[in-house]
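Written out below as structure tokens is the structure these notes cover.
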Amino acid sequence: MVNNSFYDKPKEQSLVKIEIVAKYFGAWAKIMISQIKKIPFSKRPPNIAYVDLFSGPGYYKDGCKSTPLLILESVLAESEMREQFVTIFNDIDSTNTESLARAIASLPGIDTLRHLPIILNKEVGEEIIQDIKKNIKSAPTLFFIDPFGYKGLSISLIGSVISNWGSDCIFFFNYNRINMDVNNPVVKKEMNSFFGEKRADALREELKPMQPEERESTIVKSICQALKDVGGSHVQDFCFKKSSASRTSHYLIFISKNKRGHSIMKDIMAQKSSIFTQGVPSFEYNQSQAAIQLSLFDFQPIDDLENMLLDEFAGQTLTMEEIYNQHHVGKRYISKNYKEALKKLEQQGKIVADPSASQRRKQKGEITFGEQVRVTFPPK
């Protein structure tokens with residue numbers, strides 16, 4: 001059960017989390033509607049869905065809207081979304097679900113939805129997932145999982161929710177809780193259920209000699225790899241630091257099978273990063289720091305990217321888009337960084353671009369490097 005004071009007023013990191021989820025939902029929903037139109041009518045999924053497994057009361061006590069209401073407002077703003085979306089909100093706390101129901105009922109235009117929101121009051125686990133799947137059937141679905149604890153929640157469950165075509169998941173979790181609990185015998189059963197017993201035991205052994213920073217990297221990598229193993233071919237993490245220190249508070253992890261969705265989410269997360277080095281985002285938010293640009297003599301990520309590209313694509317000719325899609329997964333670089341690196345390589349005469357810089361248009365005084373520009377790398 002969540003602490004009673006949790007919904008008094010949203011913390012700044014909660015506002016960032018909500019913004020990331022809402023922005024991605026808007027982009028994802030438009031893509032799904034567009035893609036569904038291309039499918040023969042007889043084979044189209046009947047609906048598109050959004051599911052929040054730990055939805056909360058709708059409003060914080062200070063009047064700030066939480067994620068469910070922002071998602072519904074996005075749906076209400078578009079006629080096609082009003083016709084196609086199924087929304088399902090769940091919370092084990094009946095006080096929260098009753099409050100959410102009242103908040104939803106008060107939204108202007110809520111009765112214009114073809115499918116009124118479904119509100120559930122159940123414990124998270126395989127049973128509720130099967131109930132949800134009966135309602136959404138084969139619909140592409142965006143799942144948001146922001147748990148207060150880990151009872152009933154597992155990596156395999158997350159794998160099952162992204163099994164439908166077009167389905168993605170955004171998972172927000174308390175890193176400190178997992179860090180403390182992974183070796184806690186009192187909650188060994190819950191951690192075994194979350195990771196899977198074999199992976200949990202291996203992780204415990206691996207963590208034994210490690211210092212805090214090493215532990216964090218290892219735990220997050222283990223979660224991301226586990227998510228890949230259950231079908232999330234594109235996984236992206238985003239770190240939240242405590243405002244009073246440099247210690248980690250939470251992580252937001254995006255899980256998808258789609259490269260386009262992954263790229264969109266990377267751009268959204270990049271915009272909320274607190275630190276940029278040579279324009280490369282940290283994928284980390286710290287409310288004690290405004291977004292700052294660093295240029296460190298011992299860390300030049302764009303220079304590193306240039307060398308990686310020359311090495312990995314030696315002797316090949318590809319478009320900028322192909323280079324990005326083949327290379328960026330698992331790295332902090334976004335599309336903008338690849339364009340910058342390729343422009344620098346072109347200026348240095350280390351690659352040949354077609355069309356060349358002199359033939360490409362300028363934007364705000366800068367020569368562009370479009371996605372369809374073809375790049376020829378020299379052989380090794």
Side-chain angles (χ1 to χ4, degrees), residues 16-17 20-21 23-25 27-28 31-32 50-54 129 140-147 150 153-175 177-179 182 191 193-196 198-200 202-203 206 214-241 248-273 280-285 301 308 324-335 337-338:
V16 172
K17 169 196 69 178
I20 290 173
V21 174
K23 279 188 174 181
Y24 183 74
F25 171 80
W28 172 85
I31 291 170
M32 287 300 104
Y50 174 84
V51 176
D52 187 336
L53 293 178
F54 301 86
I129 296 302
T141 306
L142 179 60
F143 284 84
F144 180 42
I145 301 176
D146 182 2
Y150 298 96
L153 184 61
S154 67
I155 297 290
S156 61
L157 183 144
I158 294 175
S160 73
V161 304
I162 62 167
S163 59
N164 282 354
W165 167 81
S167 294
D168 295 339
C169 179
I170 301 171
F171 175 38
F172 186 70
F173 68 92
N174 185 322
Y175 165 74
R177 179 171 289 176
I178 286 187
N179 183 37
V182 70
M191 287 293 98
S193 177
F194 177 73
F195 283 100
K198 186 176 179 180
R199 189 183 297 273
L203 181 60
E206 193 176 359
E214 258 191 309
R215 284 179 64 90
E216 179 173 342
S217 174
T218 300
I219 289 170
V220 174
K221 284 180 181 177
S222 180
I223 292 173
C224 289
Q225 185 57 54
L227 292 167
K228 291 175 184 177
D229 291 346
V230 296
S233 58
H234 292 71
V235 176
Q236 182 64 49
D237 61 274
F238 185 89
C239 175
F240 289 84
K241 295 289 187 181
T248 294
S249 169
H250 289 73
Y251 269 89
L252 189 70
I253 296 186
F254 172 72
I255 310 107
S256 179
K257 305 185 296 293
N258 184 272
K259 64 183 180 183
R260 186 177 179 188
H262 180 212
S263 182
I264 290 169
M265 179 56 97
K266 278 187 81 171
D267 284 342
I268 292 170
M269 289 177 168
Q271 291 169 14
K272 303 309 296 183
S273 295
V280 178
S282 61
F283 288 90
E284 175 186 299
Y285 179 79
M308 281 190 277
Y324 170 72
N325 286 335
Q326 290 183 35
H327 192 263
H328 81 97
V329 177
K331 302 176 179 68
R332 291 193 296 116
Y333 300 108
I334 57 175
S335 176
N337 302 142
Y338 283 85

query: Do the side chain of S256 and the main chain of N258 share a donor and acceptor less than 3.5 angstrom apart?
result: yes
message: Quick check: closest heavy atoms across Q236 and F283, and the distance to 0.1 Å?
response: NE2-CD2, 3.7 Å
message: Quick check: closest heavy atoms across Y175 and R215, and the distance to 0.1 Å?
response: OH-C, 3.8 Å
message: What I want to check is whether the side chains of E206 and T218 have a donor and an acceptor closer together than 3.5 Å.
response: no
message: What's the separation between atom OG1 in T248 and atom CG in N174, rounded to the nearest 0.5 Å?
response: 10.5 Å
- request: Answer yes or no: is there a side-chain heavy-atom contact under 4.5 Å between S222 and R199?
  value: yes
Considering all heavy atoms, the nearest I255-V235 contact: CG2-CG2, 4.4 Å
- prompt: For residues K257 and S233, is any side-chain donor paired with an opposing acceptor at under 3.5 Å?
  reply: no
message: Just so I know, are the side chains of H328 and Y338 near enough to count as touching, which here means a heavy-atom distance under 4.5 Å?
response: yes
task: Compare all side-chain heavy atoms of L53 with those of I129 and state whether any distance is below 4.5 angstrom.
output: yes
field: Pairwise distance CZ(F25) to CE(M32) - rounded to 0.5 angstrom
entry: 11.5 Å
- prompt: Among side-chain atoms of Y251 and E284, is any donor-acceptor pair under 3.5 angstrom?
  reply: no
query: Cut-off 3.5 Å, side chains only: do Y324 and S263 have a donor facing an acceptor?
result: yes
statement: Residues S193 and S154: closest non-hydrogen pair is O-CB, 3.1 Å
- request: Work out which heavy atom in S160 is nearest to a heavy atom in L157; give both atom names and the distance.
  value: OG-O, 2.7 Å
task: Report yes if the side chains of I178 and F195 come closer than 4.5 Å at any heavy-atom pair, otherwise no.
output: yes
- request: Take I170 and K17 through the side chain to side chain contact (heavy atoms under 4.5 Å, CB included) test and state the conclusion after the steps.
  value: CA-CA 10 Å; I170 301 171; K17 169 196 69 178; over 6 Å; no
query: Considering the options I158, I155, I162, V161, which one meets the side chain to side chain contact (heavy atoms under 4.5 Å, CB included) requirement together with V230?
result: I155
- request: Determine whether I31 and I264 make a side-chain contact, defined as any pair of heavy atoms from C-beta on separated by less than 4.5 Å.
  value: yes
query: How long is the span from the CD1 atom in I20 to the CZ atom in F238, to the nearest 0.5 Å?
result: 4.5 Å
query: Does the pair F173 and H250 meet the rule for a ring pair (Phe, Tyr, Trp, His ring centres under 6.0 Å), with working shown?
result: CA-CA 6 Å; F173 68 92; H250 289 73; 8.1 Å; no
Heavy-atom closest contact (W28 atom, L142 atom, distance): CH2-N, 3.3 Å
task: Any chance you could measure Y285, atom OH, to M269, atom CE, to the nearest 0.5 Å?
output: 15.0 Å
- prompt: Do any N or O atoms from the side chain of K331 and from the backbone of H327 form a donor-acceptor pair under 3.5 angstrom?
  reply: yes
query: Would you call F143 and D168 a side-chain contact if the rule is heavy atoms closer than 4.5 Å?
result: no
- line: H234 meets the ring pair (Phe, Tyr, Trp, His ring centres under 6.0 Å) criterion, sequence neighbours left out, with H262
query: Within a strict 4.5 Å, meaning less than it, do heavy atoms of the I145 and C169 side chains meet?
result: yes
task: Sorted by first residue and then second, give each salt bridge (Lys or Arg N to Asp or Glu O under 4.0 Å) pair with at least one member in residues 259-268; sequence neighbours left out.
output: none
task: Compare all side-chain heavy atoms of V21 with those of Y50 and state whether any distance is below 4.5 angstrom.
output: yes
task: Check the pair F254 / Y24 against ring pair (Phe, Tyr, Trp, His ring centres under 6.0 Å), numbers first and verdict last.
output: CA-CA 10 Å; F254 172 72; Y24 183 74; 4.9 Å; yes
